[in-house]
Each structure stands twice: as structure tokens, then as C-alpha cells.
2 protein chains.
Amino acid sequence: MTIRSSTKLSDAIHLLAYIRYFKGDDLSSEAIAKSIETSPVVVRRLMSQLSHAGLLITTRGKAQPELTIPEDQLTLLAIQQAVDPHPILTVDRKTNPKCPVGGHIQTILTDHYQEVEAAAKKQMAAITLADIMTDLHEANRKDELK
Amino acid sequence: MTIRSSTKLSDAIHLLAYIRYFKGDDLSSEAIAKSIETSPVVVRRLMSQLSHAGLLITTRGKAQPELTIPEDQLTLLAIQQAVDPHPILTVDRKTNPKCPVGGHIQTILTDHYQEVEAAAKKQMAAITLADIMTDLHEANRKDELK
DNA sequence: CTACTTGTAACTTTTAAAGTTACAAAAAGG
DNA sequence: CCTTTTTGTAACTTTAAAAGTTACAAGTAG
């Protein structure tokens with residue numbers, strides 16, 4: 001059994017950053033897709049997940065998505081939970097229950113993986129879209145000087 | 001682009017715990033495979049990775065693998081680095097370089113992902129095979145009482 | 001009414017993990 | 001030595017989830 005670690009979080013942050021960076025401009029799924037270099041459907045799917053999670057307001061037929069909360073309150077953790085809520089580490093679920101090791105390792109690993117997960121989540125909760133926007137504006141400011 | 005999050009770390013810890021739990025007994029890849037419920041080749045592949053990383057001593061034709069370091073010095077981080085050295089979060093590498101957002105988001109996300117990675121690694125370095133063995137022995141002690 | 005746009009379902013493609021087959025090479029016991 | 005058992009690996013197939021695609025209903029806006 002395998003679970004893929006996707007680029008959904010990456011693309012979702014990209015999408016949200018785009019919405020904020022180009023607010024007032026063309027915010028259609030088509031325009032955003034060109035920046036992410038993917039298809040508009042992928043963008044709409046991500047936006048759909050974000051709006052279902054209550055992080056974004058979208059309207060059918062209207063290319064004007066809007067954040068529901070301030071940038072500095074929108075954490076990477078919230079975005080990840082919305083678009084890609086998979087645990088970081090995966091426990092093998094197919095071990096021999098009759099073996100003293102195979103019969104207990106799953107529970108034991110689940111507990112310890114939880115600790116790792118918690119550490120990662122704590123850090124993801126400490127990074128917000130505002131941080132990303134600051135970095136973005138700084139990077140573009142430096143570009144201008146060249 | 002996608003990267004799979006595998007059960008390799010899980011299986012590698014299982015394997016190492018098995019070796020310690022059943023030391024002196026049958027430690028063939030066949031026996032271990034039965035506990036993990038996989039094929040002996042998968043077990044040998046993991047053992048090969050662990051021995052190349054200097055964590056395990058294996059000998060051709062001899063079913064007696066041994067740890068190179070004490071249980072309490074063998075961390076989950078070291079095991080993970082040996083068998084599945086993938087970052088936790090993946091940055092989308094295919095974004096539009098000509099876009100102010102797409103052109104910078106990769107570098108920015110890489111930096112922030114690094115922080116999350118570091119937090120997870122710190123926690124993985126705090127958990128050792130000795131912890132797993134303690135949990136295992138306790139779980140089996142409780143089983144006996146039933 | 002027309003031209004866009006979003007929201008989704010259903011489908012295909014892609015790709016890395018996991019599993020399989022096969023066999024060389026070393027070990028161990030006679 | 002010879003036989004049996006085992007590890008080490010290469011090469012291949014299978015599997016499953018992400019990513020991409022097609023299609024279209026359902027809104028928006030003039």
C-alpha cells in the first residue's frame with residue numbers, strides 16, 4: 001500500500017498567493033493555471049477544496065475568488081488539511097497479527113508517527129500566507145533592481 | 001511530478017525490531033518476511049539499504065544480521081535516511097518562470113518546507129529503536145496476562 | 001440571448017512503490 | 001568438494017494514487 005505525496009499543497013499555496021498578488025486583475029482558473037503550469041480544472045479542483053474548507057469564497061461564473069480570513073491567519077497547516085490531508089508517515093497495515101512483533105508494531109508506530117506528525121504540524125501552523133507574500137514581494141523587488 | 005510516501009520506514013523498523021526481538025532465533029529474510037507479510041526479496045532489499053548505510057551487518061548466505069550500534073542510539077531518522085530519504089513535502093517544480101508568483105514560489109516554498117522538514121527530523125531523531133523495543137515488550141507482557 | 005466562467009463527474013495517463021522471477025555468490029555442514 | 005541454504009541484485013511486472021483531460025451542467029454579466 002502506498003500513498004502519494006503530492007504537490008497539491010505547493011499548488012494551493014501558489015494559487016492563494018496568486019490571488020493575493022494579482023487581486024483586482026484576472027483571477028480566472030485559466031490565468032492561475034498558466035502560472036502553475038497546469039490545467040484550469042486542476043486549479044478549480046483545488047479552489048473547490050479550499051472553499052469547502054471555508055478558506056476561500058468562490059462564485060460560479062465569476063472569476064473573483066477571495067480569502068475568507070486575513071493572510072496572516074491563513075496557515076500552511078490549514079491549507080494542507082484542506083487540499084491534502086494525508087499523514088506524513090505511513091504505517092504498513094498488512095503485518096502478521098500472530099507474530100509478537102507484527103501484531104503490535106502497527107499500534108506502536110502509529111503512536112510514534114503521531115509525535116512526528118505533531119512536530120511537523122506545529123511548524124506548518126507557524127507559517128502563514130502573509131509570510132509567503134512578504135517573501136514574494138521581496139523577491140520581486142530585488143528583480144526590479146537588476 | 002509526484003513522489004510516493006512509502007511504508008519502507010515502517011517495514012525497516014519492523015525488520016530491525018524483529019532482529020532484536022528474536023535474536024538467536026531464525027533471522028532469515030524468509031522468517032522476517034512472514035512477520036511483515038511481504039516477500040523475502042523486499043526484506044533483503046531493505047536490509048541491503050540498512051547495511052549500506054552502516055546500520056546493520058549482514059553476511060551472504062548467513063542468516064544472522066546484527067545491528068552496528070546499540071538500540072538506544074539507532075534513531076528513526078537514521079533508519080529513514082537509509083531506506084527512504086525523501087523530503088516530507090514536495091515543491092511543484094513546473095511553474096511559470098515568467099510570472100512574478102510562479103517564478104519565485106519554488107524557492108520560497110523550498111525554504112519554508114525546510115523548516116517543516118527540520119521539525120519532523122528533530123522529532124524522528126528523538127525516537128530510537130530502544131523505545132520501540134520497550135513498547136513491544138510491554139505490549140507482549142500485557143498479552144501474556146490475558 | 002450570448003459569451004464566459006465555475007463545479008464536478010468520469011475517464012485516461014503517468015509514475016514510483018511494491019511485488020516477482022531469476023540467478024550469481026557466499027556460507028555451513030558433511 | 002558437493003549439496004543445501006542463504007544473501008545480494010538486476011530486471012521485470014503489477015498496482016494504485018496523483019495528475020491531467022474531456023465534457024457538460026449551472027451559474028454570471030453584459
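Numbered from 1 within each chain, the chains take letters A, B, ... in sequence-line order. In this text the structure is predicted, and so the values were computed from the model without any measurement.
Annotation: the span from A/Thr68 atom OG1 to A/Gln73 atom CD amounts to 9.5 Å, rounded to 0.5 Å.
Distance CG (B/Leu46) to C1' (D/dT7): 14 Å, rounded to an integer number of Å. At whole-Å resolution of the value, CG in A/Asp84 and P in D/dA18 are 7 Å apart. Computed from coordinates, the B/Asp92 CG to D/dA19 C1' distance equals 10 Å when rounded to whole Å. Distance CD1 (B/Ile36) to P (C/dA18): 12 Å, rounded to an integer number of Å. The distance from atom CG of B/Leu50 to atom P of D/dT9 is 13 Å, rounded to the nearest whole Å. Atom CG of A/Asp11 and atom C1' of D/dA18 are 11 Å apart (whole Å). Between the P atom of D/dT6 and the CD atom of B/Glu66 lies a distance of 18 Å, rounded to the nearest Å. Distance, A/Gln80 CD to D/dA18 P: 13 Å, rounded to whole Å.
In this model, the phosphate group of C/dA18 is not approached by any side-chain N or O of B/Thr38 to a distance below 4.0 Å at OP1 or OP2. Remark: B/His86 is in phosphate contact with C/dA17, judged by side-chain N or O atoms under 4.0 Å from OP1 or OP2. Note on B/Thr7: a side-chain N or O is less than 4.0 Å away from OP1 or OP2 of C/dA18. A close approach under 4.0 Å does occur between a side-chain nitrogen or oxygen of A/Lys94 and OP1 or OP2 of C/dG19.
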Worked verdict on A/His14 versus B/Thr95 for side chain to side chain donor-acceptor pair (under 3.5 Å): CA-CA 9 Å; A/His14 186 153; B/Thr95 62; 5.1 Å; no
Trace of the side chain to side chain donor-acceptor pair (under 3.5 Å) decision for A/Asn96 with B/Ser35: CA-CA 5 Å; A/Asn96 188 347; B/Ser35 176; over 6 Å; no
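With sequence neighbours left out, B/Gln64 forms a side-chain contact (heavy atoms from CB on, under 4.5 Å) with B/Lys62.
Between B/Leu109 and the choices A/Leu9, A/Asp135, A/Ile132, the side-chain contact (heavy atoms from CB on, under 4.5 Å) rule is met once, by A/Ile132.
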Table of protein N/O atoms under 3.5 Å from nucleotides 5-7 of chain C N/O atoms:
residue : atom : partner : partner atom : Å
C/dT6   : OP1  : A/Ser29 : N            : 3.0
C/dT6   : OP2  : A/Ser29 : N            : 3.4
C/dT6   : OP2  : A/Ser29 : OG           : 2.7
C/dT6   : O4'  : A/Gly61 : N            : 3.0
C/dG7   : OP1  : A/Thr58 : OG1          : 2.5
C/dG7   : O4'  : A/Arg60 : NE           : 3.4
C/dG7   : O4'  : A/Arg60 : NH2          : 3.2
C/dG7   : N7   : A/Arg44 : NH1          : 3.0
C/dG7   : O6   : A/Arg44 : NH1          : 2.6

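Residues B/Ala31 and B/Tyr18 share a closest heavy-atom pair of O-OH, 3.8 Å.
Side-chain atoms of A/Thr128 and A/Glu71 form no donor-acceptor pair, as typed in the model, at a separation below 3.5 Å.
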